[in-house]
*Asks:* 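One structure, as structure tokens, below. Some questions next.
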Number of protein chains: 2
Amino acid sequence: MKIAEVSERYHISIDTLRYYERIGLLPHVNRGENGIRDYNELDIRRVDFIKCMRGAGLSLEVLIEYMGLVQQGDATIETRKEILMEQRNLVAERLKEMQKTLDLLDHKIQVYENAILTKEKLMAQTKE
Amino acid sequence: MKIAEVSERYHISIDTLRYYERIGLLPHVNRGENGIRDYNELDIRRVDFIKCMRGAGLSLEVLIEYMGLVQQGDATIETRKEILMEQRNLVAERLKEMQKTLDLLDHKIQVYENAILTKEKLMAQTKE
DNA sequence: CCTTGACCTGGAGTCACCTCCAGGTGATAC
DNA sequence: GTATCACCTGGAGGTGACTCCAGGTCAAGG
């Protein structure tokens with residue numbers, strides 16, 4: 001799968017995909033003999049994972065560390081689990097905060113809605 | 001309430017509070033005659049709101065626009081409601097994504113946990 | 001009086017994360 | 001055979017959101 005396709009499918013710009021590779025987040029993607037990237041199953045799964053984690057706010061720094069450990073094999077499983085647990089907790093916290101904010105937003109929208117209705121009623125009365 | 005107290009209470013640095021004022025996010029805070037900021041009830045509520053919204057990922061740009069409309073009074077209620085609804089939907093989307101990511105993280109952690117247990121069992125067997 | 005400390009200002013610097021660009025290669029289409 | 005096109009590279013540029021700094025004011029304490 002070539003880079004443009006991956007870019008399209010995951011809504012990550014081509015530049016960003018190349019950038020991720022440069023900073024060592026994505027291990028070097030296989031190339032055709034012309035030097036053109038050709039993403040395989042594994043590469044794609046990695047992109048998917050990164051996209052997902054970035055969406056939840058994990059930093060590139062943490063992801064680079066994690067991906068590096070994955071490359072190093074079984075000996076790093078404990079560390080990787082630690083990292084994921086730590087990040088999981090951060091995500092869970094953010095989630096709770098966002099839920100509260102969402103509720104607040106809904107409340108405020110409701111208040112505005114009422115204000116608008118009241119305003120309209122007043123206008124109608126003025127017309128009578 | 002002076003700036004250091006506000007900073008402490010909301011975990012926003014003093015520099016950031018001043019910065020928010022400079023860019024027009026926070027309307028000018030009242031000052032004592034010595035020129036020192038003295039946050040009143042309303043100022044504090046605004047800081048609280050901003051903190052909350054920033055936590056959910058709303059951009060400074062949107063918040064500046066919204067706060068500006070609030071300053072302009074009742075005529076802008078409809079617009080403000082529109083803005084909040086738009087942002088509410090963005091937050092709701094992010095929330096859903098994060099929930100999915102959280103589930104994925106929990107799953108991966110579980111997989112690692114199992115891998116670790118298996119590894120330990122193998123070690124024990126080797127000892128026998 | 002002088003120092004300390006909390007505040008003030010405008011402007012510059014930093015950080016994370018991209019995004020763009022100039023210049024180059026190699027395959028396909030006319 | 002040359003033009004177009006999708007890709008390549010390394011490096012520079014940009015953006016959002018702070019964060020720091022030098023230099024200054026003022027009040028209170030020793």
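Letters A, B, ... mirror the listed sequences (proteins, then strands); counts begin at 1.
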*Asks:* Between A:E78 and B:K119 (salt bridge meaning N to carboxylate O under 4.0 Å), is one present in this structure?
*Replies:*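 Between B:K119 and A:E78 there is a salt bridge, with a charged N closer than 4.0 Å to a carboxylate O.
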*Asks:* Just how far, in rounded Å, is P of C:dC7 from NZ of B:K2?
*Replies:* 5 Å
*Asks:* Whole-Å distance between C:dC8 P and B:N30 CG?
*Replies:* 13 Å
*Asks:* Are B:R31 and B:E21 close enough for a salt bridge, meaning some N to O gap below 4.0 Å?
*Replies:* yes
*Asks:* Check every strand shown and say whether B:N34 touches a base, only sugar-phosphate, or nothing at a heavy-atom separation below 4.0 Å.
*Replies:*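 Counting heavy atoms under 4.0 Å across all strands, no contact is made by B:N34.
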*Asks:* Rounded to the nearest Å, what distance is computed from the CZ atom of residue B:R31 to the P atom of nucleotide C:dC7?
*Replies:* 13 Å
*Asks:* Just to be sure I understand the rule, does A:I3 reach a base, reach only the sugar-phosphate, or reach nothing, if contact means heavy atoms closer than 4.0 Å?
*Replies:*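 Answer is sugar-phosphate: A:I3 comes under 4.0 Å of backbone atoms only.
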*Asks:* Just the rounded figure in Å: distance from P of C:dG13 to OH of B:Y19.
*Replies:*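 Those two atoms, OH and P, are 17 Å apart.
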*Asks:* In whole angstrom, what separates A:I12's CD1 from C:dT19's P?
*Replies:*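 Roughly 11 Å, once rounded to whole Å.
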*Asks:* Between A:R22 and A:R37, which has a closest nucleotide on DNA chain D that is more 5'?
*Replies:* A:R37
*Asks:* Tell me whether B:R88 contacts the main-chain N or O of A:D106 through its side chain, where contact means a donor paired with an acceptor under 3.5 Å.
*Replies:* no
*Asks:* For D:dT9, does OP1 or OP2 lie under 4.0 Å from any side-chain N or O of A:R18?
*Replies:* no
*Asks:* Check the distance between D:dA27's P and B:E33's CD and give it to me in whole angstrom.
*Replies:* 8 Å
*Asks:* Looking only at side-chain N and O atoms, does A:T16 come under 4.0 Å of OP1 or OP2 in C:dT19?
*Replies:*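 Result: yes.
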*Asks:* In terms of side-chain heavy atoms of B:L60, which of D:dT19, C:dC17, D:dC18 is nearest?
*Replies:* D:dC18
*Asks:* Is it true that a side-chain atom of A:T118 and a backbone atom of A:N114 form a donor plus acceptor pair closer than 3.5 Å?
*Replies:* yes
*Asks:* Take atom CD1 of B:I50 and atom C1' of D:dA17, then tell me their distance rounded to the nearest Å.
*Replies:*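 In whole Å, D:dA17 C1' lies 14 Å from B:I50 CD1.
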*Asks:* Once you round it to whole Å, what is the distance between C1' of D:dC18 and NZ of B:K51?
*Replies:* 13 Å
*Asks:* Any idea which of C:dC7, C:dT9, D:dA17 is nearest the B:I36 side chain?
*Replies:*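 In terms of side-chain proximity for B:I36, the closest of C:dC7, C:dT9, D:dA17 is C:dC7.
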*Asks:* Is there a side-chain polar atom (N or O) of B:Y20 under 4.0 Å from OP1 or OP2 of D:dC18?
*Replies:*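 Yes, because at least one side-chain N or O of B:Y20 sits under 4.0 Å from OP1 or OP2 of D:dC18.
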*Asks:* With a 4.0 Å cut-off, would you call A:D43 and A:R46 a salt bridge?
*Replies:*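 Salt bridge between A:D43 and A:R46, a charged N being under 4.0 Å from a carboxylate O: yes.
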